[in-house]
Amino acid sequence: MNIFNTFESSLHASIESLCKEDRLPAGLDLTRLTVEPPRDPDHGDLSTNAAMVLAKQAGRKPRELADLIAERLRGLEGVETVEIAGPGFINLRLSDRFWQSMLSEILKNGEAYGESRIGEGQSVNVEYVSANPTGPLTVGHARGAVVGDALASLLQKTGHKVTREYYVNDAGGQVDTLARSVYLRYREALGEEIGTIPEGMYPGAYLCEVGQALAERDGRKWMDCEESEWLAPVRSFAVERLMDLIREDLKAVGIEHDVIRSEKELVEAGAVQSVIERLKEKDLLYTGVLEPPKGKKPEDWEARPQTLFRATDFGDDVDRPILKSDGSWTYFANDMAYHLDKANRGHTTLIDVLGADHGGYVKRMKAAVKALTDDTTALHIILCQLVKLTRDGEEIKMSKRSGNFITLREVVDEVGKDVLRFIMLTRKNDAPLDFDLAQVMEESKDNPVFYVQYAHARIRSVLRHAEKELPSVGQGLSQLSDAPLHRLTDSAELAVIKRLASWPRLVEASAQAYEPHRIAFFLNDLASDFHGLWTKGKDNEELRFLLPADPELTQARLALLQAVALVIASGLNIFGVRPVEEMR
RNA sequence: GACCCCGUAGCUCAGCUGGAUAGAGCAAGUGCCUUCUAAGCACUAGGUCGCAGGUUCAAAUCCUGCCGGGGUCACCA
């Protein structure tokens with residue numbers, strides 16, 4: 001269905017037949033050949049660099065080689081002209097009939113159009129959000145959440161087996177702090193005066209109800225206990241409560257994970273021990289003293305011997321400690337265990353979606369995965385840059401310490417999940433993103449969500465009109481795919497079909513690059529194509545979609561519109577955004 | 001000091017893993033509403049792709065070195 005791949009196969013076959021006939025030397029390396037759309041449509045529909053890439057190997061001049069290959073390509077079905085241009089590009093132009101039948105194929109495939117099998121046999125684990133269970137999700141988490149979720153969908157669309165995963169950091173010091181903060185609120189709930197929340201505790205009011213709930217469940221049970229007694233039970237209660245809260249927040253943006261993995265359970269199951277054993281066996285642990293970090297010197301720095309992992313053997317800059325001074329594992333040690341756990345569950349590719357502030361973490365984790373899985377499991381880390389939240393251009397400052405942060409929920413309540421999701425995907429993950437609460441609700445071209453949704457809604461509107469006014473024109477997908485599509489001859493109409501034809505290729509490229517944002521740009525372009533068609537019909541009556549005097553042409557155009565709507569919907573679905581029927 | 005990311009039109013950004021004359025949207029200028037939603041469309045203008053080298057048929061894209069902006073940097077997660 002990806003026509004570029006189809007023609008690439010034909011190209012390979014053509015070259016191989018030339019080899020068999022001794023008109024080209026045998027054993028040519030074809031891996032660097034490409035078939036792609038030329039940037040300039042004047043150059044044709046497809047272009048290949050074959051002649052230039054093979055020139056050296058074949059010992060022939062590119063133009064000469066191009067002539068030879070071009071001759072073969074001329075015989076291919078759907079090819080109208082073959083031209084040689086520039087330094088040796090071979091440009092193909094496909095017939096109108098080819099494109100018309102392409103449209104028919106698209107409609108036959110329906111929702112499935114754009115699916116690919118490039119991921120077949122691969123099991124991918126996408127870990128995203130993984131926020132500490134110490135508070136509600138903020139807008140800061142939103143980007144990684146949406147990017148991870150869309151990426152997971154994208155990979156599913158390309159045939160990967162995907163697991164969406166959330167890693168709960170419920171084993172470290174932060175959840176102890178959480179427990180202490182909740183304990184305070186618990187005492188408060190039981191009528192005690194607690195004064196101001198001490199420094200270092202979580203001050204957020206959202207913990208009041210957690211304390212309240214604890215009081216309701218356990219009564220005064222923990223009031224006169226030592227911390228050593230209440231810490232663990234309060235902690236697990238609090239973590240459970242907060243995970244419920246977080247899950248609800250995620251649900252509000254349409255996110256549900258397949259697996260929620262607890263760090264604590266992993267540790268208690270001895271996963272860290274076995275990682276350490278494994279590293280010992282491979283002789284990748286030793287006791288050493290680290291250099292103090294340059295630039296920023298921690299005040300309480302002390303040079304002391306530590307148990308270190310030989311990360312430098314696997315591309316990291318320094319070896320990394322796995323034991324803290326109190327004898328417990330470092331976060332990194334736990335995380336090694338966690339990543340090995342993921343690999344052991346049979347995933348061939350691991351993806352971590354993290355905030356850009358974790359950039360310093362990438363090398364060591366990659367080193368760890370490489371060491372632990374003998375390089376059999378790939379780890380990709382996607383770093384999401386900050387989101388700058390503004391309203392009418394004015395920045396909304398946030399700071400976690402003061403408790404003055406905007407929650408994910410607040411933003412969803414204000415703009416809706418669809419808008420939030422789409423906007424979060426309009427930038428490359430490693431580029432900062434501006435999110436203007438006012439602008440994203442604007443009903444204009446500046447607002448990409450609106451622009452794309454409007455195109456979809458307009459199409460639905462036309463189809464509804466057609467149903468009412470021209471009920472004899474069949475609109476079922478199978479009817480449309482059998483419509484007299486040869487009537488679509490206007491260059492703008494054909495251009496739209498060509499755009500639609502490039503959709504599978506775009507999906508594959510986005511998936512391979514782990515870049516869902518490309519879909520947003522594609523949808524914007526497709527919407528623009530459509531709005532152009534629409535206005536052309538305003539200027540020239542013959543180009544209108546609904547022509548009562550010509551039901552055949554009307555049906556052909558409805559087929560085109562339906563296909564556009566289908567692809568827009570399909571792209572939005574990857575984003576987890578609902579296509580709208582009308583704008584209201 | 002080390003490492004990672006970014007640098008493309010006045011502004012915000014794309015650029016299909018190396019292809020032909022580098023593209024959109026804002027902003028600026030000019031047109032288009034008796035019509036299926038003008039909430040839109042068409043056209044004009046705008047560039048030493050941070051700088052300098054290198055790799056090759058071909059570099060915004062890959063390599064090296066600078067310049068500028070951001071992030072991170074034992075024992076936090």
Side-chain angles (χ1 to χ4, degrees), chain A residues 4 32 34 36-40 42-43 47 49 51-53 55-56 61-62 85-89 91 130-132 134 169 171-175 263 289-296 298 300-304 306 308 316-318 320-321 323-326 328 330-332 334-335 355-363 383 385-386 426-428 430-432 434 442-448 450-451 454-455 457-459 461-466 469 502 505-506 508-510 512-513 515 517-518 520-522 524-525 528 531-539 541 544-546 561 582-583:
Chain A
F4 301 94
R32 294 192 51 224
T34 60
E36 43 186 27
R39 198 170 2 221
D40 184 347
D42 285 346
H43 292 137
S47 174
N49 61 1
M52 293 174 294
V53 172
K56 200 178 244 179
K61 286 182 184 146
F89 289 102
N91 296 327
S130 296
N132 291 332
T134 55
N169 299 130
Q174 296 193 4
V175 283
E263 179 185 6
V289 180
L290 285 178
E291 297 284 313
K294 309 237 163 91
K296 175 190 148 195
D300 54 347
W301 167 265
E302 45 171 325
R304 57 179 186 82
Q306 301 188 93
L308 300 172
D316 200 359
D317 304 316
V318 289
R320 304 293 178 176
L323 269 176
K324 293 195 249 181
S325 47
D326 67 0
S328 61
T330 60
Y331 177 78
F332 177 58
N334 289 1
D335 218 11
D357 53 335
H358 288 68
Y361 200 65
V362 173
K363 279 190 183 183
L383 298 176
Q385 274 292 348
L386 290 179
T426 53
R427 287 284 175 269
K428 243 185 328 212
D430 50 12
D434 293 331
E442 231 168 71
E443 300 188 333
S444 78
K445 203 171 161 22
D446 328 1
N447 179 1
F450 170 79
Y451 189 67
Y454 184 39
R458 262 184 159 174
I459 291 174
S461 164
V462 175
L463 295 175
R464 283 194 299 270
H465 270 269
E469 287 158 31
S502 72
R505 175 181 151 88
L506 180 103
E508 286 181 0
S510 309
Q512 270 164 338
E515 292 186 345
H517 77 275
R518 293 189 194 185
F521 285 88
F522 178 89
N524 215 64
D525 289 344
S528 168
H531 288 306
L533 270 191
W534 175 287
T535 309
K536 254 185 138 176
K538 290 242 174 226
D539 297 341
E541 201 146 324
R544 291 174 56 103
F545 305 132
L546 303 185
L561 293 194
E582 53 187 334
M583 294 314 290

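Side-chain atoms are counted along with the backbone in the values below, which use heavy atoms only and exclude waters and symmetry mates. Chain identifiers are assigned alphabetically (A, B, ...) following the order of the sequence lines, protein sequences preceding nucleic acid strands; residue numbering begins at 1 within each chain.
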Nucleotide of B:rC75, B:rC36, B:rC3 approaching A:Arg304 most closely (side-chain heavy atoms): B:rC75
Strictly below 4.0 Å: does A:Lys538 bring a side-chain N or O up to OP1 or OP2 of B:rC32? no
Does B:rG15 have its OP1 or OP2 closer than 4.0 Å to a side-chain nitrogen or oxygen of A:His517? yes
Glycosidic class, syn or anti, of B:rU35 using a 90° window around 0: anti
Do A:Asn132 and A:Thr134 have side-chain N/O donor and acceptor atoms under 3.5 Å apart? no
Any donor-acceptor pair under 3.5 Å from A:Thr535 side chain to A:His531 backbone: yes
Atom CZ of A:Arg458 and atom P of B:rC33 are separated, to the nearest Å, by 15 Å
Suppose we screen for side-chain contact (heavy atoms from CB on, under 4.5 Å). Which residues come up paired with A:Ser502, at least two apart in sequence or across chains? A:Phe4, A:Phe522
Stacking here means centres under 5.5 Å and planes under 30°; does A:Phe521 stack on B:rA14? no
Check every atom of B:rA77, B:rC57, B:rG71 against the side chain of A:Met52 and return the nucleotide holding the closest atom. B:rC57
B:rA39, B:rU21, B:rC36: which one has an atom nearest the side-chain heavy atoms of A:Tyr454? B:rA39
Under 4.0 Å from OP1 or OP2 of B:rC6: is there any side-chain N or O of A:Lys428 that close? no
Taking only N and O in the side chain of A:Trp534, is any of them less than 4.0 Å away from OP1 or OP2 of B:rU35? no
